[in-house]
J.: 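Input: one structure, supplied below.
What you see is a predicted model; the values in this text were computed from it and never measured. We number each residue from 1, following the sequence as shown.
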Amino acid sequence: MSEASSPVKLERRGHVGVLVLDRPDRRNALSRDALFAIGRLGRELVADPEIRAIVITGAGDKAFCAGADLKERQGMSTDDVRVQVGLYRSELGVLDRSPKPVIAALNGVAFGGGLELALICDLRVAAPHAELSLPETTLGIIPGAGGTQRLPRVVGEARAKEMILLGRRLDAQQALAWGLVNRVSPEGVSVLDDTLTWIEPIANGAPIAQAAALKAIEDSFEVPLELGLELERTRYDETLRSEDRLEALRAFAEKRKPVYQGK
Ligand code: COA
């Protein structure tokens, strides 16, 4: 597929790789090709030593992503849908497993698989007009890209049930109040520009420490506290051995900003 016709575009902004879901005529819905493109470009960014953070956003100002491509799905057999749901795991999973922080910049609605994609990300920033919802049960299905597992971890069981069983739509301020998004961009500012400014501490930060912190936090969901504390010690040790840690101490002594090399 040529880059021009790709349903997902890649832009590099310094140390940040920006993935843009680019099917505004279908409100950036997740087609089979879009899922493969996210996986392919996600792998490229994870492997690129220059990249320290990945931002995912949508083209236009209406939708971040309207979820599964319901038009494509109409022509699919039950088995085709099973395969497609498997692609959520394998292709979106690239972002889930990314050792580099992944941030969703929600430029509009995030519904169904679109919100699940945002939930795979480590941080979420919403435009003031964004709306978030998992409406699957109203369509006779359930969230199939991790929503039933990730949403309760983020907002708690009762609120997750409220969103999933009632198909409730949250506006950006409500999503902020529930902790479903970390930040709402100011009116009149592009959510992508706002996100890129907000994540400067990541883009200019120490990559080994960022990756170690992410892994330590994520492992905490799987294990009892005692083992979790041991895992934290192991991750801490990775940063102890890094050149970046010594650079931070030198920069502090010299009253300047540290320049991290990821070594
Ligand atoms: N899959 C495929 N096409 C979609 C789509 C989806 N999930 N969501 C929207 N589109 C298409 C519409 O069919 C329409 O195409 P058309 O111009 O050929 O009729 C186009 O995108 C614009 O949609 P429209 O509804 O006119 O835009 P809007 O800005 O007023 O509303 C949404 C956008 C996303 C709020 C609305 O389209 C919607 O609710 N879509 C369904 C989302 C959904 O239920 N997702 C969960 C799936 S589990």
Side-chain angles (χ1 to χ4, degrees), residues 7-8 19-35 37-38 55-76 81 84-89 91-93 95-96 102-156 159-185 191-192 195:
V8 183
L19 296 177
V20 184
L21 305 174
D22 193 18
R23 306 178 73 223
D25 55 327
R26 291 209 181 176
R27 298 299 182 259
N28 303 325
L30 295 171
S31 60
R32 187 169 179 278
D33 285 349
L35 290 169
I38 293 170
V55 169
I56 184 155
T57 191
D61 61 3
K62 295 230 160 61
F64 167 67
C65 172
D69 186 325
L70 297 174
K71 289 180 179 163
E72 180 187 64
R73 194 158 284 191
Q74 238 181 356
M76 285 184 172
V81 176
Q84 184 94 341
V85 170
L87 293 180
Y88 288 134
R89 192 95 178 254
E91 303 310 298
L92 302 185
L95 300 180
D96 191 26
V102 182
I103 302 95
L106 306 177
N107 53 301
V109 301
F111 288 169
L115 178 51
E116 292 178 290
L117 171 57
L119 282 165
I120 283 171
C121 299
D122 301 299
L123 300 166
R124 285 163 287 283
V125 180
H129 66 279
E131 289 186 298
L132 294 80
S133 164
L134 289 181
E136 283 87 347
T137 59
T138 70
L139 297 166
I141 50 175
I142 68 169
T148 64
Q149 306 305 301
R150 293 195 181 94
L151 186 64
R153 283 174 162 83
V154 174
V155 301
R159 286 172 166 169
K161 286 179 177 167
E162 183 175 335
M163 284 190 75
I164 292 173
L165 299 180
L166 275 59
R168 177 159 175 211
R169 279 189 194 189
L170 298 192
D171 64 24
Q173 283 303 333
Q174 186 70 64
L176 182 66
W178 281 16
L180 182 50
V181 300
N182 298 82
R183 172 179 171 80
V184 177
S185 298
V191 67
L192 177 56
T195 301

J.: Tell me whether the count of non-hydrogen atoms from other residues, nucleotides or ligands lying under 6.0 Å of CZ in Arg32 goes above 12.
T.: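 No.
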J.: Evaluate Arg183 against Val125 for side-chain contact (heavy atoms from CB on, under 4.5 Å), listing each step before the verdict.
T.: CA-CA 5 Å; Arg183 172 179 171 80; Val125 180; 4.2 Å; yes
J.: Please tell me if the side chains of Leu117 and Leu21 come closer than 4.5 Å, counting only heavy atoms from C-beta onward.
T.: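 A side-chain contact exists here, since the closest heavy-atom pair is under 4.5 Å.
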J.: Just how far is it from atom CZ of Arg26 to atom CD of Glu72, taken to the nearest 0.5 Å?
T.: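 One finds 7.5 Å between CZ of Arg26 and CD of Glu72.
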J.: Mark yes or no for whether Arg150, through its side chain, and Gly147, through its backbone, hold a donor-acceptor pair below 3.5 Å.
T.: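 Checked: no pair found.
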J.: Search all heavy atoms of Ala127 against all heavy atoms of Val191 and return the closest pair with its distance.
T.: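 Residues Ala127 and Val191, closest heavy atoms: N-CG2, 3.7 Å.
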J.: Specify the closest pair of heavy atoms between Trp178 and Met163, including all atoms of both residues, with the distance to one decimal.
T.: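 Where Trp178 meets Met163 most closely, the heavy atoms are CZ3-CG, 3.7 Å.
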J.: Do Gln84 and Leu30 come within less than 4.5 Å of each other through their side chains, counting heavy atoms only?
T.: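 Side chain of Gln84 against side chain of Leu30, heavy atoms only: no contact under 4.5 Å found.
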J.: Is Arg124 reaching over with its side chain to a backbone N or O of Ala118, donor-acceptor style, under 3.5 angstrom?
T.: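 Judged by distance alone, yes, a pair lies under 3.5 Å.
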J.: I'd like to check Cys121 versus Val102 (side-chain heavy atoms, cut-off strictly below 4.5 Å). Are they in contact?
T.: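 Yes, at least one pair of side-chain atoms sits under 4.5 Å.
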J.: Output the distance between atom CG (Leu19) and atom CD1 (Ile56), rounded to the nearest 0.5 Å.
T.: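 These two atoms lie 5.0 Å from each other.
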J.: Check Lys62, Arg27, Glu131 against Val109 for a side-chain contact (heavy atoms from CB on, under 4.5 Å) and give me the one that passes.
T.: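 Answer after filtering Lys62, Arg27, Glu131: Glu131.
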J.: Short question: side chain of Asn28, backbone of Ala63 - any donor-acceptor pair under 3.5 Å?
T.: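 Confirmed, Asn28 side chain pairs with Ala63 backbone.
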J.: If every non-hydrogen atom of Arg73 is compared with every non-hydrogen atom of Val85, which pair is closest and at what distance?
T.: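 Distance-wise, the nearest heavy atoms are NH2-CG2, 4.5 Å.
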J.: Can you give me the closest heavy-atom contact between Thr137 and Ile164, atom names plus distance?
T.: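 Heavy atoms of Thr137 and Ile164 come nearest at OG1-O, 2.8 Å.
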J.: I'd like to know if the side chain of Asn107 and the backbone of Gly58 have a donor-acceptor N/O pair within less than 3.5 Å.
T.: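 Yes: the side chain of Asn107 pairs with the backbone of Gly58.
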J.: Measure across Ser133 and Arg169 and return the closest heavy-atom pair with its distance rounded to 0.1 Å.
T.: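 Looking at all heavy atoms of both residues, the closest pair is CB-CG, 3.8 Å.
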J.: Is the closest side-chain heavy-atom distance between Gln173 and Leu176 below 4.5 Å?
T.: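 Result yes, sub-4.5 Å side-chain heavy-atom pair found.
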J.: Between Arg23 and Asp33, is there a side-chain N and carboxylate O pair less than 4.0 Å apart?
T.: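 Salt bridge absent between Arg23 and Asp33.
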J.: Determine whether Leu132 and Phe64 satisfy the following criterion, side-chain contact (heavy atoms from CB on, under 4.5 Å), listing intermediate values before the conclusion.
T.: CA-CA 10 Å; Leu132 294 80; Phe64 167 67; over 6 Å; no
J.: Measure the CG-CG distance between Leu134 and Leu165 for me, rounded to the nearest 0.5 Å.
T.: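 Answer rounded to 0.5 Å: 11.0 Å.
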J.: Rounded to the nearest 0.5 Å, how far apart are OG1 of Thr57 and CG of Leu106?
T.: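 If we round to the nearest 0.5 Å, Thr57:OG1 and Leu106:CG are 7.5 Å apart.
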J.: If every non-hydrogen atom of Gly167 is compared with every non-hydrogen atom of Thr138, which pair is closest and at what distance?
T.: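 Result for this residue pair: CA-CG2, 4.3 Å.
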J.: Any chance you could measure Asp61, atom CG, to His129, atom NE2, to the nearest 0.5 Å?
T.: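 Asp61 CG to His129 NE2: 5.0 Å, rounded to 0.5 Å.
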J.: With a 6.0 Å cut-off (strictly less than), is the heavy-atom count around CZ of Arg89, excluding the residue itself, greater than 12?
T.: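 Result for CZ/Arg89: open.
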J.: Measure the CG-CD distance between Leu151 and Glu116 for me, rounded to the nearest 0.5 Å.
T.: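 If we round to the nearest 0.5 Å, Leu151:CG and Glu116:CD are 9.0 Å apart.
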